[in-house]
Amino acid sequence: MVAGSPVPESLGSDPLRAFQDWYAEALDAQVPAADAMTLATATRDGVPSARIVLYKGIEEGKLLFVSNYESKKGTELTHNPFAALVFFWPALNRQVRFEGEVSRASDQRSDNYFAARPRESQLGAWASAQSQAVASRSELERRFADLELSFAGQPVPRPKHWGVYLFTSRRIEFWLGQNARLHDRFSYTRQGDIWQCERLCP
């Protein structure tokens with residue numbers, strides 16, 4: 001493994017700022033799919049599942065992503081709002097893990113985001129009953145074509161089953177790969193309005 005750049009005994013007092021700095025560096029380095037993050041959810045009974053979703057930014061300290069509320073992850077989040085996120089940028093030997101809770105953004109926030117999406121993506125949100133069985137690809141394409149006709153010449157409204165999610169972090173961990181497997185790890189845990197940081201053994 002090629003070692004990462006040396007880091008101090010912490011990345012500062014604000015892990016969300018540190019994450020934004022690392023994310024900006026991943027973009028500057030043109031890391032492929034720098035905005036891809038693993039989202040892990042669980043059922044009410046604690047059965048986990050994970051998938052890749054796209055990071056849509058950070059607002060007021062909350063990470064944003066979007067989804068169909070009736071999808072598998074949406075259904076799980078309805079019954080169990082606790083979740084985890086992971087960013088992995090192997091070209092930089094960096095990983096960031098988040099643990100916290102997920103909530104839905106306001107209808108207005110979701111409406112605003114949906115209105116800014118490409119029209120084909122808007123139609124796709126209507127055409128796909130995410131996570132549900134579909135007979136064939138041609139059936140999916142037929143739904144899309146029907147919707148193109150239905151909404152021809154008018155704005156596409158946001159489906160009520162689709163929207164923005166807000167992820168509130170309770171714990172954030174930074175990992176930087178180093179030689180001899182002596183990796184740097186920093187764990188931040190929220191204590192009220194303060195983040196407590198400690199270095200972890202790799």
Side-chain angles (χ1 to χ4, degrees), residues 1-42 48 50-67 73 77 81-106 108-110 112-118 121 163-202:
M1 168 182 282
V2 177
S5 301
V7 296
E9 287 308 304
S10 79
L11 296 170
S13 60
D14 185 350
L16 292 171
R17 170 54 59 187
F19 163 71
Q20 288 177 289
D21 290 343
W22 275 26
Y23 178 66
E25 290 174 24
L27 293 178
D28 289 344
Q30 299 184 334
V31 172
D35 59 345
M37 59 186 187
T38 300
L39 167 64
T41 58
R51 76 290 288 158
I52 303 296
V53 299
L54 296 182
Y55 167 63
K56 297 299 183 181
I58 186 168
E59 295 179 2
E60 299 181 353
K62 303 177 191 299
L63 280 70
L64 277 60
F65 64 94
V66 300
S67 180
K73 59 184 172 295
L77 288 170
F82 297 100
L85 299 172
V86 181
F87 289 82
F88 180 45
W89 302 306
L92 300 179
N93 289 319
R94 289 179 176 182
Q95 174 182 268
V96 188
R97 298 171 54 208
F98 297 81
E99 297 170 8
E101 299 175 53
V102 179
S103 60
R104 294 182 187 180
S106 68
Q108 185 62 56
R109 181 66 186 84
S110 292
N112 292 342
Y113 181 82
F114 189 82
R117 301 192 96 200
S121 296
V164 175
Y165 280 102
L166 308 174
F167 184 98
T168 301
S169 305
R170 302 300 179 197
R171 180 177 178 275
I172 304 174
E173 182 186 310
F174 295 83
W175 177 95
L176 179 65
Q178 300 288 9
N179 289 329
R181 301 193 65 80
L182 296 179
H183 312 310
D184 289 314
R185 290 177 65 191
F186 296 94
S187 174
Y188 288 80
T189 304
R190 187 190 292 275
Q191 303 290 338
D193 294 330
I194 304 298
W195 288 97
Q196 299 292 334
C197 177
E198 56 186 355
R199 177 186 275 270
L200 304 179
C201 287

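Because the structure is predicted, anything quoted here is derived from the model rather than measured.
A side-chain donor-acceptor contact under 3.5 Å links Thr41 and Arg51. Side chains of Arg171 and Ser187: a donor on one and an acceptor on the other come within 3.5 Å.
Using a 4.5 Å cut-off on side-chain heavy atoms (C-beta onward), Lys73 and Val53 make contact. In this structure, Gln191 and Trp195 have side chains that are not in contact, with every pair of non-hydrogen atoms separated by 4.5 Å or more. Residues Arg109 and Glu59 have side chains in contact (heavy-atom distance under 4.5 Å, counting atoms from C-beta outward). Side-chain atoms of Gln95 and Arg97, non-hydrogen and from C-beta on, do get closer than 4.5 Å to each other. A heavy-atom distance below 4.5 Å is not found between the side chains of Leu11 and Asp21. Looking only at side-chain heavy atoms (C-beta outward), Val96 and Phe88 stay at 4.5 Å or farther from each other. For the pair Leu64/Leu166, a side-chain contact is recorded, criterion being any heavy-atom separation below 4.5 Å from C-beta on. For the pair Tyr113 and Lys56, the minimum side-chain heavy-atom distance is below 4.5 Å.
Listed for the Thr168 side chain is no donor-acceptor partner under 3.5 Å among the backbone atoms of Lys62. At least one donor-acceptor pair under 3.5 Å links the side chain of Arg190 to the backbone N or O of Ser169. A distance-only check finds no donor-acceptor pair linking the side chain of His183 to the backbone of Pro202 [under 3.5 Å].
Of all non-hydrogen atoms in Ala18 and Phe174, the two that sit nearest each other are CB-CZ, 3.7 Å. Residues Pro15 and Tyr188 come closest through the heavy atom pair CB-CG, 3.6 Å.
In the displayed structure, Ile194 atom CD1 is contacted under 6.0 Å by at most 12 heavy atoms of other residues, nucleotides or ligands.
With rounding to the nearest 0.5 Å, the separation of CD1 in Ile52 from OG1 in Thr38 is 3.0 Å. Atoms CZ and CZ, from Arg170 and Phe82 in turn, are 8.0 Å apart once rounded to the nearest 0.5 Å. Here the straight-line distance linking atom CG of Asp184 with atom SG of Cys201 works out to 11.5 Å at 0.5 Å rounding.
Phe19 meets the ring-ring contact (aromatic ring centres under 6.0 Å, His included) test with Tyr55, Phe87, Phe98; sequence neighbours excluded.
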Which atom pairs, donor and acceptor, lie under 3.5 Å between side-chain atoms of residues 23-37 and protein residues at least two apart or in another chain?
residue : atom : partner : partner atom : Å
Glu25   : OE1  : Arg94   : NH1          : 2.6
Glu25   : OE1  : Arg94   : NH2          : 3.2

Just do the side-chain contact (heavy atoms from CB on, under 4.5 Å) check on Gln20 and Ile58 with the steps written out, would you? CA-CA 9 Å; Gln20 288 177 289; Ile58 186 168; 3.0 Å; yes
Trace of the ring-ring contact (aromatic ring centres under 6.0 Å, His included) decision for Tyr165 with Phe65: CA-CA 5 Å; Tyr165 280 102; Phe65 64 94; 5.2 Å; yes
